[in-house]
Amino acid sequence: DVYKRQAPKVDPGVGEVLVEAHSVPLSQLDIRHALGLMERDSEGLGREFSGVVRALGAGVSHLEPGDRVFGLARGAMASRLVVSAEQVVRIPRHLAPETAATLLLPFLVAHRVLGERTRIEPGTRVLLLVGAGGVGLALARLASRKKARLLALASNPARREALLQSGASGTFRGEMDSFREEALAW
C-alpha cells in the first residue's frame with residue numbers, strides 16, 4: 001500500500017542540510033515492502049537520492065545552497081529531506097543526477113566485500129557469479145583499481161560489455177554445461 005502524505009516542514013539542525021530530492025531509485029527491498037512481501041519500513045521507501053541543497057544547518061561548511069548532491073537517507077522518497085551533511089556528497093559535473101542516485105549502495109556493498117571482508121592484492125583472481133547488476137559493476141570497477149583480475153558471469157553480450165568497460169578482466173556466459181570449463185580456463 002503506497003500512499004502520499006504531507007511531511008512537516010523541518011529546518012536543518014546542526015550538521016544537517018535540507019535537500020530538495022529529484023531522483024530516488026527504488027531497490028528490491030523497497031518493492032517488496034510496497035507489495036507487502038516484507039514488513040514495512042516505518043520511515044518509508046527509498047535509501048538513495050539525488051537533489052539540490054536548499055538550506056544548511058549550523059556547522060556545515062563543505063556545501064552551499066544550490067549544490068547538486070547525492071546521498072543516503074532512510075525514507076528518501078520525499079520531495080524534501082533533512083539529512084546529516086556527512087551523508088551527502090556533491091555530484092561530479094560529468095555525472096547525471098539520475099545516475100548519481102543509483103551509485104552509493106552498490107559501491108558501499110562492493111567496498112565492504114573487496115575492501116573490508118577480503119584481502120585483494122594485485123593479481124588476485126575474483127570470480128563473480130552475479131555480475132551484471134549495480135553491485136557487480138561496482139565490484140568490477142573496484143577490483144580493477146586494486147589490480148585484481150575479475151571474471152564475471154553475465155547472460156547477454158551487452159551486460160558482458162558493460163562489465164568489461166567497468167574493469168572486469170573477462171566475462172563468460174555461464175551456461176551450466178560450459179561454466180566449469182570457462183572458469184578453469186581463465
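Quick caveat: nothing in here was measured; it's all calculated off a predicted structure.
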Nearest-0.5 Å distance, CD of residue Gln87 to CZ of residue Phe49: 8.0 Å
Least distance between heavy atoms, Val17 atom then Ala85 atom: CG1-CB, 4.0 Å
Co-members of Leu137 in a cluster of I, L, V, M, F, W and Y side chains, linked at under 4.5 Å: Leu163
For Leu104, the rest of its hydrophobic cluster, which grows through side-chain links under 4.5 angstrom: Phe70, Leu72, Val89, Ile91, Leu95, Leu103, Leu105, Phe107, Leu108, Val109, Val113, Leu114, Ile120, Val126, Leu128, Val135, Leu139, Leu142, Leu150
Salt bridge (charged side-chain N to carboxylate O under 4.0 Å, His left out): pairs with one or both residues in residues 59-71, sequence neighbours excluded: Asp67-Arg90
Contact list for residues 50-59, test side-chain hydrogen bond (donor to acceptor under 3.5 Å, both in side chains), sequence neighbours left out: Glu20-Arg54
OG on Ser23 to CE on Met77, rounded to 0.5 Å: 10.0 Å
Those residues that, when tested against Thr118, pass side-chain hydrogen bond (donor to acceptor under 3.5 Å, both in side chains) (two or more places apart): none
Remaining members of the apolar cluster that contains Val52, side-chain heavy atoms under 4.5 Å: none
Any donor-acceptor N/O pair, Ser144 side chain to Ala140 backbone, under 3.5 Å: no
Thr99 side, atom OG1; His94 side, atom NE2 - distance, nearest 0.5 Å: 9.5 Å
All side-chain contact (heavy atoms from CB on, under 4.5 Å) counterparts of Pro12, not counting sequence neighbours: Glu16, Leu18, Ala55, Val82
Results of side-chain contact (heavy atoms from CB on, under 4.5 Å) for Arg32 - residues two or more places apart only: Gln28, Leu29, Leu37, Met38
Worked check of side-chain contact (heavy atoms from CB on, under 4.5 Å) between Leu153 and Thr171: CA-CA 6 Å; Leu153 173 122; Thr171 62; over 6 Å; no
Qualifying residues under side-chain contact (heavy atoms from CB on, under 4.5 Å), relative to Asp11, sequence neighbours excluded: none
Contacts of His111 that satisfy side-chain hydrogen bond (donor to acceptor under 3.5 Å, both in side chains) - sequence neighbours left out: none
Pair listing, salt bridge (charged side-chain N to carboxylate O under 4.0 Å, His left out) test, anchored in residues 129-148, at least two apart: none
Shortest non-hydrogen contact from Leu45 toward Arg47: C-NH1, 4.3 Å
Backbone N/O of Gly46 and side chain of Asp30: donor-acceptor pair under 3.5 Å: yes
side-chain contact (heavy atoms from CB on, under 4.5 Å) partners of Gln165, counting only residues at least two apart: Glu161
Test item: Glu48 and Pro25 side chains (from C-beta on) under 4.5 Å apart, heavy atoms: yes
